[in-house]
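Bear in mind that the values here come from a model prediction, so they are computed numbers and not experimental data. All values below were derived from every heavy atom in this structure, side-chain atoms included, with hydrogens, water molecules and symmetry-related copies excluded. One-based numbering, in listed order, for ligands and for the atoms of each.
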Amino acid sequence: MEILDGKKLANAIHEEVAQSVLTLKHESGRVPGLAVILVGEDPASHVYVGMKRKACEKAKIYSIVHEMPEDISQEAILNTIEMMNNNPNIDGILVQVPLPAHIDQTTILEAIAPHKDVDGFHPFNMGRLVLGLDGFVPCTPLGVMRLLAAYGIDPKGKNAVIVGASNIVGKPMASLFLNAHATIDVCHIHTQNLKAHTLNADILVVGVGKRNLITADMVKEGAVVIDIGINKTPEGKIVGDVDFDAVAPKCSYITPVPGGVGPMTIAMLLENTLISAQKRA
Ligand code: GUN
């Protein structure tokens, strides 16, 4: 069993991005810029946005966080997005989700200019991903693919099973695996007999936010297991969706939580922002 060390790979990508930022600045005088919109007081969202801001700082990417109160109007958010769409110093716009219930998430995400949509959540970029065309790809599933590639794991011809069918993880993950010529199962809350699916997985990707959802009896010997879940135990420890201690001995490769997919998500955000700036320069 080998650990898929997302933290180490992400650190290497951060350094590469920082180098490319310097080159871009030298050649064009431009510094990549990321605008983040954060609505409300969700503690997890504040932690994630704080991590994104710090990572930008380290890579010398300019970042600005627009913090807005929980009761902000949809129009005010749309106005801010419009300003960022038209701001020549901004290459990437990211709206942290979830948004409060009175805000229509689709309307907000569709307002982001697709060429600044570094999260890849806009229907334009999602559509291109499904069609196998280039465009911005959501950072978490993109990070999974990069992590697999770094360890020489090729999904081609493999059974890739995804547990969780969200717009930001499960659905784009399925498209990426299909584009990489894997056979895919996408499981979700209404899936009957989850274990029948997971036992068939050469590559198992889990991201639902339920501690110990995946136990050792659900995993095939030699599988690659990718854990995207983030859960807090009553003792305050961060754990994934996979019962790591019991499952790890059966795996060929497995991601830890923390230190697996999480850091890769942020590394891909920096890379997407850099690419957007390079295209603009
Ligand atoms: N909420 C949870 N993950 C993400 C992410 O990757 N991007 C944004 N914008 N919101 C999120």
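Sorted by chain then number, the residues whose non-hydrogen atoms approach ligand 1 to under 4.0 Å are Lys52, Leu94, Val95, Gln96, Val97, Asp119, Phe121, Ile168.
For the pair Lys279 and Phe136, the cation sits on the ring face: its NZ or CZ lies under 6.0 Å from the ring centre, inside 45° of the axis.
For residues 20-38, the set of pairs meeting the side chain to side chain donor-acceptor pair (under 3.5 Å) definition, not counting sequence neighbours, comprises Arg30-Asp91. Applying the side chain to side chain donor-acceptor pair (under 3.5 Å) rule to pairs touching residues 48-75 yields Lys52-Gln96, sequence neighbours excluded.
Residues Asn159 and Asp185 bring no donor and acceptor atom of their side chains to less than 3.5 Å of each other.
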Exercise answer: donor-acceptor pairs, residues 218-225 side-chain atoms, under 3.5 Å, sequence neighbours excluded:
residue : atom : partner : partner atom : Å
Lys220  : NZ   : Asp202  : OD1          : 2.7

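At a threshold of 4.5 Å between non-hydrogen side-chain atoms, the residues Met126 and Lys171 do not count as touching.
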